[in-house]
Amino acid sequence: MFKFGFTKDAVGADKEDNEEENKLEWIPAFKFEITPEQIEAKYEFSYYRETNIFSDYNLKLIRSDKVVENLDKQNCQNIIEAESQHSDLIPAKYEGGLKIWECTFDLGQYILKEEIKLKDKLVMDLGCGAGLIGLLALLKDAVVHFQDYNAEVLKSVTVPNVLLNFDDRASILTRCEFYAGDWASFVTLFDDDESKKYDYIFTSETIYNSDNHKKLYEIFKRRLKINGIVFVAGKTYYFGVGGGMRQFENLILKDGCFDVKSVWRSHDGVNREILKLIKK
Ligand SMILES: C[S@@+](CC[C@H](N)C(=O)[O-])C[C@H]1O[C@@H](n2cnc3c(N)ncnc32)[C@H](O)[C@@H]1O
């Protein structure tokens, strides 16, 4: 079982954290290709669950406990290390995509409630993990690019979740692309190819590490269409980690390229919210 992995809370730990961060080696971004074996894979009933977490949509989702078991068996070091540290995240090694984080539910419900039209739009589920937002977008007839830091998450969770929910696998895969690796190099993968710019970028629970805020923001700036919209769902503050919505919002406001509006806030439990960003 994983636990949120950043436990340093002393102010004095900041300097040490920054030094550690500078030493981290981030995996460069690349397009993740699906093999014919994956496309034909059969999933046993016990390997997934059915849920209607989003009203009107009955989604089939791979069970993360089974995935972790399998990755253990395949000797996947990043996952074994995270598990042995009882950690949800190990910076630059494993960034949390195996489990579904709560702001994904907020963002999905927001998309449905606001009836955001996604038909034929190019949508990015940035930091997708299980890919629930991308799945919703596919069900609403969008073309979706899924991005997760860890290729093993794409392979063992995101791709199976897509395949499980559409009978015509060959056809659905013509509406999907998958990308792994670090945001810093993801932003440069297509240079200025206008056909790879997004109508919508959705991102949930991706602002917990303030060292990554600039990378994330650069993607918004360079990969969004002129009239595109970004939705950022996250906790107002990530205790024990340091990242938070106000800090991220200030970075965006300082740069002055986007209008920023808080469009949704939670009224119970841990403070969570959704920001909407539109290019000026
Ligand atoms: C906490 S998980 C959230 C997953 C999912 N959006 C959800 O809400 O359930 C953070 C996501 O951001 C991605 N991520 C974090 N830092 C990243 C980085 N520097 N480069 C690329 N992806 C990153 C992780 O791979 C993961 O998909």
Side-chain angles (χ1 to χ4, degrees), residues 1-7 27 32 34-35 37-39 41-54 57-109 125-139 144 146-166 169 172 176 178-181 202-206 208-209 233-235 238 241 269-270 272:
M1 184 191 142
F2 292 116
K3 294 246 169 58
F4 202 64
F6 294 80
T7 49
I27 300 166
F32 177 85
I34 306 174
T35 62
E37 293 75 41
Q38 276 179 283
I39 298 175
K42 299 220 172 358
Y43 299 101
E44 281 173 32
F45 196 61
S46 61
Y47 213 77
Y48 62 88
R49 65 194 166 96
E50 293 197 41
T51 157
N52 60 353
I53 39 177
F54 298 128
Y57 293 102
N58 192 25
L59 293 180
K60 291 181 186 148
L61 299 176
I62 283 288
R63 285 177 48 179
S64 61
D65 55 332
K66 298 278 184 194
V67 171
V68 171
E69 254 173 55
N70 253 358
L71 290 172
D72 270 352
K73 279 189 208 146
Q74 291 165 29
N75 205 18
C76 177
Q77 286 308 317
N78 292 344
I79 305 302
I80 291 173
E81 191 177 333
E83 208 184 2
S84 69
Q85 293 177 16
H86 303 292
S87 173
D88 272 335
L89 311 151
I90 304 182
K93 288 190 173 179
Y94 166 61
E95 291 286 344
L98 286 178
K99 81 170 213 193
I100 301 171
W101 296 63
E102 60 186 324
C103 296
T104 273
F105 304 116
D106 302 334
L107 188 54
Q109 266 141 16
D125 185 348
L126 189 63
C128 61
L132 266 62
I133 300 302
L135 272 178
L136 264 189
L138 285 176
L139 290 161
V144 179
F146 293 86
Q147 179 280 333
D148 194 279
Y149 182 69
N150 294 100
E152 52 272 55
V153 169
L154 294 174
K155 183 178 170 195
S156 53
V157 185
T158 327
V159 170
N161 278 347
V162 170
L163 297 177
L164 272 169
N165 285 285
F166 296 88
R169 291 181 169 187
I172 196 62
C176 299
F178 300 86
Y179 294 90
F202 294 106
T203 190
S204 154
E205 304 255 18
T206 45
Y208 51 85
N209 181 354
K235 304 199 171 79
Y238 287 83
V241 192
V270 176
R272 311 184 309 275

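A quick note: this is a predicted structure, and the numbers were derived from the prediction, not measured.
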Examine distances only and state if a side-chain atom of [X] and a backbone atom of [Y] form a donor-acceptor pair shorter than 3.5 Å.
| X | Y | result |
| --- | --- | --- |
| Trp101 | Gly129 | no |
| Arg169 | Ile39 | yes |
| Tyr94 | Asn150 | no |
| Glu50 | Lys60 | no |
| Thr203 | Leu126 | yes |
| Gln147 | Gly181 | yes |
| Asn161 | Leu132 | no |

Residue Lys155 excluded, over 12 heavy atoms near NZ under 6.0 Å =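 Incorrect, the count does not exceed 12.
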
Does atom NZ of Lys93 have more than 12 heavy-atom neighbours, drawn from other residues, nucleotides or ligands, at distances under 6.0 Å?
->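 Result for NZ/Lys93: open.
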
Does the pair Ile62 and Ser156 meet the rule for a side-chain contact (heavy atoms from CB on, under 4.5 Å), with working shown?
-> CA-CA 8 Å; Ile62 283 288; Ser156 53; over 6 Å; no

Compare all side-chain heavy atoms of Val162 with those of Ile172 and state whether any distance is below 4.5 angstrom.
->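 In short, these two side chains touch, coming nearer than 4.5 Å.
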
Close side-chain approach of Asp125 and Ser204, heavy atoms under 4.5 Å = no

I would like to know whether Leu139 and Asn165 meet side-chain contact (heavy atoms from CB on, under 4.5 Å); could you show each step before the answer?
-> CA-CA 9 Å; Leu139 290 161; Asn165 285 285; 5.6 Å; no

Plane angle bin for Tyr208 and Tyr238 - parallel if under 30°, tilted between 30 and 60°, otherwise perpendicular = perpendicular

Residues Ile100, Ile53; criterion side-chain contact (heavy atoms from CB on, under 4.5 Å); working and verdict | CA-CA 12 Å; Ile100 301 171; Ile53 39 177; 5.6 Å; no

